[in-house]
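Just so it is clear, the values below take in all heavy atoms, side chains as well, and ignore hydrogens, waters and symmetry mates. Atoms within a ligand are numbered from 1 in the order they appear, just like the ligands themselves.
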Amino acid sequence: MASTPTTQAPDLGDFFKSVIDSTTDAVITKDLHGIVTSWNRAAESIFGYSAAEMIGQPMVKVFPADRLQEEPMILARIGRGERVDHFETVRVRKDGSLVNVSATISPLHDSEGRIVGASKIARDITERIQAERTIWLQANHDTLTSLPNRRHFQERLTLELARARRMQRHLAVMFIDLDRFKDVNDTLGHQAGDDLLVQAAQRIRAAVREIDTVARMGGDEFTILLPDLVAGDEVEPIARRVNLCLFKPFTLDGQTSVQISGSIGVALFPQDGETADVLLMHADQAMYESKRLGRNQARHFAKALESNIRDRMRLTHDLRHAVERGELSLSLQPLVDLRDGSVRQHEALLRWVHPVFGAISPSVFMPLAEETGVIRDIGDWAFDTVARQAADRSRAGSPVIPVSLDVSPVQLHAGLGYFRRWLDEWARLELPADALALEIAESALAEPSDGVGELLQQLGAAGVPLIVDHFGAGASCLSRLNRLDIGMLKLDPSLLRDLGVDGKSTRLCEAMVQMAHTLGLQVVAQGVETPAQRALLARMGCDFGQGHLFAAIEPGPGAEVPAWPAAA
Ligand SMILES: Nc1nc2c(ncn2[C@@H]2O[C@H](COP(=O)(O)OP(=O)(O)OP(=O)(O)O)[C@@H](O)[C@H]2O)c(=O)[nH]1
C-alpha cells in the first residue's frame, strides 16, 4: 500500500493519529449522510481502498449490494444517539472479494454535544468465520457423501416443523435404506461400497426438489425432508423417482455394473406425527414394512400399518385367483457344473406379478400360500407348466434338461396321492423319471412327521430325485440324510458369504462338501456371485453352482419397480 497520508481528520493530534494508524482494526469516521471523513491504515489494508480513494465517498462503497439496507438502519440509530455494538456483517473489498467484519459504531459529537457523525471500529473476522464454517460443516455433514448428517437433518426438521405449523402446510419425512447393500461390500469390497453410497447420494439429491433436504443418517440409510407440501399425495411421485433412480445400474470403479434398490418409508406431518423424533421413527417403521413386503418400494406409515392387515387379506384372496388370471410365472435358474461350466439342471422358481401391487416377493406370498393351503394348487400349476415345457422339448427332439421344483411341508402333508398325479402325468408324457426333482427345505426334514418321512421314502423309491434345499441354514439333521433317499444337497447362500475371506468359513464349506460326498450326495453351492467364489468351490470339489454369477441379473418381472401401494 502506498504511504499516503492516511488520516485527514484535522482535529486529531499527532499522538492520536499515530495510535489510530498503529492499530490493526479499521478506524473510520463518517458524517450523518454516511460520507467518509477519515480512514486509517488498517482500513486501507482491510478494504483495499486508500484514504484518498474513500474520504469524501459514501461508506456504502464497501457494502455488497444485498447489504445496502444496513446503512440507513445504522445512520438512524446513530442519529438517535445509539451505539451499534459488535455488528457482524460482510463488506466488499476493492478487488471485489468479500470480507467479514465485526464493527462497533458510535455517535460522534461536536463541542456542543450535537451528533455530527459516527466513528466505526471494524475488525476483519474472515478467518474466524471461515474456521467456524469449517467446524460447522464437519459437525453437520457426512464426510463421505458431503450430505447433511443426522444431527443437521434433525435441526432442519425441527425448524421446518415450526414453519409448517405456522403456515398450516404439510411436510414429509422419507426414510430410505438400500437393499442388500452389504452384498456389494462383501463381493466388491468396502471401497466399491463407498463409491456406490456417493453415487446413490447424488442420485437421490437429483431426484428431489431444490428445497428438499437429503441427509445420510449413517451406513446405507438416507433421509429426505420434504417441506412445504399442500397435501401428502405430492410425496408419491417423489418416492417413485427415488425408487427408480436407485434401481438403475451403478457403475463402480469405472467398470463393474451393479444393480441394487431401495426401500422407502414415508411419514407425514401432521397426520403421522407432530415432532421430529416421532416422524423419523414412523418413517423408519414404514421403511421396514417396505423391506418386509419385498423391498424396492415405498410405504406410507399410516397406510402401511392400516393396510398391512387389509393387504394380507387381499393378497391371500388374490393369490387364490393368481393361477387362473395368469399372474404366476416360472423363472428357470441354471445349476452349473463347476468342472466344465455346462448347465446340467434347472430350478424352477415361482414369480407373482400382482395387477395392483406389482411384483410380490416369494418371501411374502409363499407363507400366505402355505397358510391357506393354496400352495397345493400353485404347486400343481408349477408342475403342469414344467411338464408341458419338458414334453414340448422332448417332442422337438431336444434333450430334456432335468428340473427341480420346491415342495413345501403343506404339499408333503397332502401325501402320496398328491404326488401320484405328478408321477403318472410325467410317465404319460414319456419323460425320463429322473428329470423331475423335488426340493425340500432342510427345516422340513428336521422333524418330519411319520407320514412325511414315509412319503419321502416312497418318492425316493419311485425314482424321484430328492434335493435338500438351504442346507446349513438351520438345524441340519444329518441322520435324516442317511435314512432318506436324498441325492443332492444345496448349501445355503449364507455359507458362502465369507468364502475365501474368512478361513473358518472356507474350511466349513470344504468340510460340508466332503461330508456330502462321503454320503454319496452331490453338492450345489447356492448364491455364487463372484468368479473367485466359483474357483474356490471348484477347487474344493463342489459339484454345482447356482446364483447371480450364472444367471445374469436380469430385471424380469420379479424386479420391476412396483406401484405405490394404493390403499384398497
Ligand atoms: N462401504 C461402506 N459400507 C458401510 C458404511 N457404513 C456401513 N456400511 C455397511 O453397510 C451395510 C449395511 O447393511 P444393512 O443395511 O444392515 O443390510 P443390507 O445388506 O443393506 O440388507 P437389507 O437392509 O436388509 O436390505 C453393513 O454391512 C455395514 O458394514 C460405509 O460408510 N461404507
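The salt bridge (Lys or Arg N to Asp or Glu O under 4.0 Å) search around D220 returns none, not counting sequence neighbours.
The nearest protein atom to atom 7 (C) of ligand 1, hydrogens excluded, is given as G219 CA, 3.4 Å; this is a heavy-atom distance. In terms of protein heavy-atom proximity, atom 14 (P) of ligand 1 is closest to D220 OD2, 4.0 Å. Considering only non-hydrogen protein atoms, atom 32 (N) of ligand 1 sits nearest to D194 OD1, 2.6 Å. Among protein heavy atoms, the minimum distance from atom 5 (C) of ligand 1 is reached at R216 NH2, 3.8 Å. Of the protein's non-hydrogen atoms, R180 N, 3.5 Å is the one closest to atom 21 (O) of ligand 1. With hydrogens left out, the protein atom closest to atom 27 (O) of ligand 1 is K182 CG, 3.3 Å, a heavy atom.
Taking only nitrogen or oxygen atoms, main chain and side chain alike, L197 does not reach within less than 3.5 Å of ligand 1. Of the polar atoms of F181, at least one N or O is found under 3.5 Å from an N or O of ligand 1, judged by distance alone.
For D177, every heavy-atom contact with ligand 1 shorter than 4.0 Å involves the side chain, none the backbone. In K291, the part holding a heavy atom less than 4.0 Å from any atom of ligand 1 is the side chain.
Each of the atoms 20 (O), 23 (O), 25 (O) of ligand 1 lies under 4.0 Å from some heavy atom of L178. The ligand atoms of ligand 1 that sit less than 4.0 angstrom from a heavy atom of G193 are 1 (N).
Applying side-chain contact (heavy atoms from CB on, under 4.5 Å) to F222 and the options L246, I204, D177 leaves one that passes, I204.
Side-chain contact, Q199 with D195: a donor N or O sits under 3.5 Å from an acceptor N or O. No donor-acceptor contact under 3.5 angstrom links the side chains of T256 and D253, judged on distance only. For the residue pair Q514 and H517, no side-chain donor N or O sits within less than 3.5 Å of a side-chain acceptor on the partner.
There is a protein heavy atom closer than 4.0 angstrom to atom 3 (N) of ligand 1.
Salt-bridge check for R163 with E160: passed, with a basic side-chain N closer than 4.0 Å to an acidic carboxylate O. Salt-bridge formation is not detected for the pair K490/D469: no Lys NZ or Arg NE/NH1/NH2 atom is positioned less than 4.0 Å from an Asp or Glu carboxylate oxygen. Classification of R180 and D183 as a salt-bridged pair fails, no side-chain N sitting under 4.0 Å from a carboxylate O. Salt bridge R339/D543: absent, no basic N to carboxylate O contact under 4.0 Å.
Heavy atoms of R295 come nearer than 4.0 angstrom to ligand 1 in at least one pair.
In terms of heavy-atom proximity, S290 sits nearest to Q297 at OG-O, 3.3 Å.
Taking only non-hydrogen atoms, the option from V198, D179, N185 nearest to atom 8 (N) of ligand 1 is N185.
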